Structures are given as structure tokens and as C-alpha cells.
Novice: 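Following this message is one structure expressed as C-alpha cells.
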Amino acid sequence: MHPYRTHTCAQLSSANVGETVRLSGWIHRKRDHGGVLFVDLRDHYGITQIVADSDSPALPVLEGLRVESVITIEGEVKARVAETVNANLATGAIEVFARGVTVQSAAEELPMPVADEQPYPEDIRLKYRFLDLRRETLHKNIMTRVAVIADMRQRMAAAGFNEFSTPILTASSPEGARDFLVPSRIHTGKFYALPQAPQQYKQLLMVAGFDRYFQIAPCFRDEDPRADRLPGEFYQLDLEMSFATQEEVWETMEPVIQGTFAAFAGDKKVTPAGEFPRIPYDEAILKYGSDKPDLRNPLIISDVSHHFTQSGFGLFEKIVGGGGVVRAIPAPATHEKSRKFFDDMNDWARKEGYAGLGYVTRKGGEFGGPIAKNHGPERMAELYAELGLGENDGLFFAAGKAADAAKLAGAARIRVGEELGLIDESRFALCWIVDFPFYEWSEEEKKVDFSHNPFSMPQGGIDALNGQDPLTIKAYQYDLVCNGYEIASGSIRNHKPETMVKAFEITGLTQADVEERFGGMYRAFQYGAPPHGGMAAGVDRIVMLLCGAKNLREITLFPMNQRAEDLLMGAPSAPEPRQLRELSLRVVEPPVKPVGGA
RNA sequence: GCGGGUGUAGCUCAGUCGGUUAGAGCGUCGGCCUGUCACGCCGAAGGUCGCGGGUUCGAGCCCCGUCACUCGCGCCA
């Protein structure tokens, strides 16, 4: 007989009744009735009930063990009588009567419960992550993650992509996020950088003629985290295609993404492959106030500036007259809503740092609120007719400079949609946001800068760079968005050296700068580079969406906390003096703050 | 770096208008219990009300500061 187990804790059924078996696992729960004792024995696969009574030598041993101790049970499979069958348990028709027990590892009193999934403080969960990972939800989420990644690999291979591993110790990339640096021992004073993404390597693979690349790639960025952005490191489904147009990237990836989503979506509907809406960036900003719109929210923002060029409502007239805009967010069927609902929205907007959120109420055709009063009912009716709104629909207004108004309108659209329960939770709504601007005006640096990826191809190529106002140039650049999350980003790359140099010149870099900073790629493009493009999808975010988790820590094995510390392993930690000496490094403590502390 | 929220037992939380000895459930520990499956019953331990200062006859509650956690902004080509 196997020393530890003949079956897993999910395997036994009525078919095994009468067999002598051996099971190993953790004591999930213990119900001690004095003369008879039940143990829910748990392993990765499931739970089986163990029973021991005064006839069993196992009884006194089990009585003395704490939950989460690891034991091996030898005993007989018994059918449960009808009244004691547990329909909630896969193995609920049987139980194992313990004849013997071996304690493999006794557990101390637990710092956090495993069987009980009540919320627990983040720092304790992270410090005792091995216990947290035993808990059902997290354990299941991690297995979903594993399965999602396996599924992606399969689909990518089936689509003709080859998986390559690219270096982890590489060169710092001067653009973009803050790098993690790794000191070089051999080269005093020099550092490797961990890749923020395998961007340059995958482009080099295309130049090297490999045609279709993908990788489940670890990426490292030293930036502050968010609920949907892990500190330090994360994974991307990274891919690149030679001789591909952006339409071809979309057409290739829609079945992969849709397929993986559908495979793990359960009852939820997924936007069919081939039907992902393609929304130009400018349109997204206008209609949704965001470049990552949640299409489950039916509300559409409209520009209504032209209604207020002359208005009794002086504030909007002034804003429009000064080159600003007025955007309208519908609040359908809000005739029953109290004034407080509308005022609370305005308070919220002010709290978020905006000037305020105006509103019009409407009840049975009757307009209400200061804006309607000053603007006049006839002109309000005109505006409502244009927007196709009904006699019980309210309306919010975001006014100001175009970018600010769009941002506020976008935030208000989300909030109104949530408050009114308009979000369709039963689906994954996918779309492409396309035609991103190539450049943007950097207010801090007072110059034109790349708005996203400097390696992407400007629409119109070098002619556009030479002849067009840079701020009007679009890029062959796109994001994939699901339910308000950016889950992938990509572009057709700029593979022409002279276009690359020109593109950087507009941001103030010289040809020498480009050659120095992107030497490898610049050189590669001199010797025959195929037109190419691709994208990178956030594996963590996709798994989070599929698990219905609100936080990336719920789908990550060993995440760091918000201050980028690994509380389990104790990273980061101070190096040994010897290590610093080998690296010719010395730590210079930052000046201590004069007051405060503890 | 900045802003919001939170901070009371190991955990989740309650604590009225500022008023005597700060409570409950879960967990832990001890006892009882032969059919439970979130077992049940009895009992016990467990508190610097995050920390510091202030107002007050009196502060968990009010004020100021600070720290931690968290969400967001900045940042994230």
C-alpha cells in the first residue's frame, strides 16, 4: 500500500464501500462529540469525512490535534445511512472509518483561519500566504489562473505563434516607467535593468525572421500600485507578428481572447470574435469620457455646447464662449429620485476635485433645477429632443475645458450607471480603442512628447511627420478594453530608421540620441526589417476579471503589499556588507526628516 | 508626492447626547457530549479604544498632530 494515500480526498464514492484505503491531508474541520469524532480531511482535490469512535485507536490522537495538522488515515470506506448523507460534498455518500492515524505534521494555533473564509487583514494574509493559499477561494483563483495561462498557450500555438523566452537581465530603457536596476559586479558602476516589457526583444525577433512570437512574459516596473496594478512585477501575454496590418492583429487575437474568456466565463456572455467594436480614441473620449470605456454601461455622453452659446444660464454660456465645452450625461428614469440624489452627485464631483456637476431633473415632462430654470423649458425641450430623452429622464452636465469636461463626464457616467443599477453584470464586453494620438503636449516639459508608445508607426508615415501638426497625427496604436479595464495594448511598429529618427526629433531628440538609446533596434532596422506589430495583454487583469476578483492580490500567488514588500520572504532586505563590497556600492541614507517619526 | 476612507479583544464589528466597571459574534483555552458536517452545551482567558498632545469635573466619542492600512490622483513609453 502506498505510504501516504491510495486515493485523494475527492475520489471515494459508494463504489468503494468496504475497501480499506489510506488518505492524507489537512484537518479542515473537527467535530468532536466525545465518544465519536468527525474530521473533514482536505487535500488539493476535495474533502472526505473521517469518523472515529471509541473502538478506534485513532480517536485519542485526533482529539489532541489542531486543525490544519497533516495526517494520514488508514481505514474502511463505509456508506453513510440516508439521513447522514451530505449532498453538499462530492464524497458525501461515504465516510472513512479510521482504524489508524499517522501524524505527518502537527499544526500550531493558527494566525488566521483556513476553513472560515471571513475577511482577514492583508498584512497577516501576506505574511502567512501559505495558509491563505489553502483557503478555498484563493486556491481556486490560483488554479483558474494556471488554467487560463495554459489555455492561452494552447490557443497561441494553434494560431501559429512560437513561444520564446527573452532576457530578464537587460538594458534600462530610457523612456517609460521607472526601472528596477540590478548592479553589475563585473562592471563597476554599471547596472542591468529588469525589462518593463520584452518590447525591443520581440521586435528584434521579427527582424530575425521568426514571424510570429509570443510569451507569457514577466514584466517589471517600479511604479506605485493600484487595485488593478500590482507593485513590481506582473505578467503579459506578449505577442508580435511580421507582415501584419493592425486589422490582422485584431482578427488574429479576437478568437484567442474571446476563446479564453468564453472558456472561463461561466454563464457570462462574451462579445463574439469578429464583433469587437472598434472605437476611435476621439470618439471614446467624447462618448464615454475615457479610453477604457465599460460598454456594459448603456449611458452615452453627448456634447451639448452648441445649446449654450446663448443661454439664460450664464455659467455655461461663459464656459462655451471661452472655448470650453458642455457635456451631458443622461440619468434615465430618475423622476422618483430625490433632490438628494442629484445634490449628492454634485458633492461627489466637488470632492473629486471638479468645479461641480450640474443637473436637470424631469418628472412627467416638468423640468426642475436651476439650470433648467435659467435656460428655459422650451430650450430644454429642444435639447432633450436632440438627445432622445424622455419625460422622466434627468440629465447631468460636465462643463469646462474639453479634457476636464470629458474626464468628469466619464467619471459621472460610471457613477450614474452604478447608482441606477444600469451595469449589465452578466457579460464581458470587449472592444478595441483605435487611432490613438501619436503625440501629446507635455505641460511639465513644455514640449511635444509621445502619448504612448514611441516605437509605433505614425499614420501617414514620414510624410505626416514632415507636414502635419504633430498633435493631429494618429498612430497605428490600439488598446483592448473589457468592462472598463484596459486588458491589452499594442501597435504596428515603426520599422523605418528615418521615420524613427524623425519621430523622435519632434520630441526633441537627435539622431545621435536615438542611436545611443535604442542602438540595438536602430541598427537592426538598417539590415532589412519586416513591417510588424503586435500587442501585450495583461494576464493578471484578465484572470481577475474571469475570477470576479476586485483585487489583483486575490489572483496572485505571492503578491507584494502596496509598499512593494514581500512580507513572507522579507523582501526587500539589506545586503551583506560583503555583497556591497563586491559590487563597489555604498548605501547613502537619505536625510532624516526633522520632525515626526514612530 | 497629494487627496478621500478606515483604525475599539486574535478576527468581524457594536458602543446612544461626552458620564459609573468598554460589549457581541467568531476564534483560542478548559470541561461535558456516540451521528455531526459552520455540531451543540457550560465556563474562562483575552483591551495602551493605532500613537502623541489638547479641550473638559469627566474623552473610545470633540479638536490638533502623527502613524498604519486601503482606495484614488500624480506616475504607469
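If you're wondering where the values come from, they're calculated on a predicted model, not measured in any experiment.
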Novice: Between C37(B), U34(B), U28(B), which nucleotide has the shortest distance from any of its atoms to the side chain of Asp53(A)?
Specialist: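 Nearest to the side chain of Asp53(A) among the choices is U34(B).
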Novice: Is there a residue in residues 213-229 of chain A whose heavy atoms reach under 4.0 Å of RNA chain B, and which residues are they?
Specialist: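 Contacting residues: Arg221(A), Glu223(A), Asp224(A), Arg226(A), Ala227(A), Arg229(A).
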Novice: Which part of the nucleic acid does Arg178(A) contact within heavy-atom distance under 4.0 Å: base, sugar-phosphate only, or nothing?
Specialist: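 No contact at all - Arg178(A) keeps every heavy atom at 4.0 Å or more from the nucleic acid.
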Novice: To the nearest angstrom, how far is Leu567(A) atom CG from U70(B) atom C1'?
Specialist: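 Atom CG in Leu567(A) sits about 14 Å away from atom C1' in U70(B).
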Novice: Which is true for Arg553(A) with a 4.0 Å heavy-atom rule: it touches a base, it touches only sugar-phosphate, or it touches nothing?
Specialist: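 Sugar-phosphate, no base atom in range.
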Novice: CD1 of Ile124(A) versus P of C69(B): gap in Å, rounded?
Specialist: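 Rounded to whole Å, this separation is 13 Å.
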Novice: Check the distance between U70(B)'s P and Leu552(A)'s CG and give it to me in whole angstrom.
Specialist: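 Checked: the CG to P distance equals 13 Å.
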Novice: Provide the distance between the two P atoms, one in A59(B) and one in G54(B), to the nearest whole Å.
Specialist: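 My reading of the P atoms in A59(B) and G54(B) gives 12 Å.
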Novice: Please indicate yes or no: is the ring centre of His33(A) less than 5.5 Å from the centre of the six-membered base ring of C39(B), with the two planes inclined by under 30 degrees?
Specialist: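 His33(A) ring centre within cut-off of C39(B) base, planes near parallel; stacks.
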Novice: Pick base, sugar-phosphate or nothing for Glu95(A), based on heavy-atom distances below 4.0 Å to the nucleic acid.
Specialist: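 Answer is base: heavy atoms of Glu95(A) come under 4.0 Å of a base.
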Novice: With a 3.5 Å limit on both atom pairs, tell me what G35(B) is paired to, counting Watson-Crick and G-U wobble, or say none.
Specialist: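 By the stated definition (distances under 3.5 Å), nothing pairs with G35(B).
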Novice: Does Lys407(A) place a side-chain N or O at less than 4.0 Å from the phosphate oxygens OP1/OP2 of G74(B)?
Specialist: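 For G74(B), OP1 or OP2 has a side-chain N or O of Lys407(A) closer than 4.0 Å.
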Novice: Using a distance-only criterion (donor-acceptor N/O pair, under 3.5 Å, no hydrogens), is the base of U36(B) paired with the side chain of Gln49(A)?
Specialist: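 Check passes, donor-acceptor contact within cut-off.
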Novice: Whole-Å distance between G10(B) P and Asp123(A) CG?
Specialist: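 So the CG-P distance, Asp123(A) to G10(B), works out to 14 Å.
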Novice: If you check the Ala177(A) side chain, which of C76(B), U70(B), C37(B) turns out closest?
Specialist: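 Side chain of Ala177(A) sits closest to C76(B).
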Novice: Using OP1 and OP2 only, check whether a side-chain N or O of Arg563(A) sits under 4.0 Å from C67(B).
Specialist: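 Negative; the distance criterion is not met.
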Novice: Starting at CG of Asp132(A) and ending at P of C11(B), how long is that distance when rounded to a whole Å?
Specialist: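 My rounded result for the distance is 15 Å.
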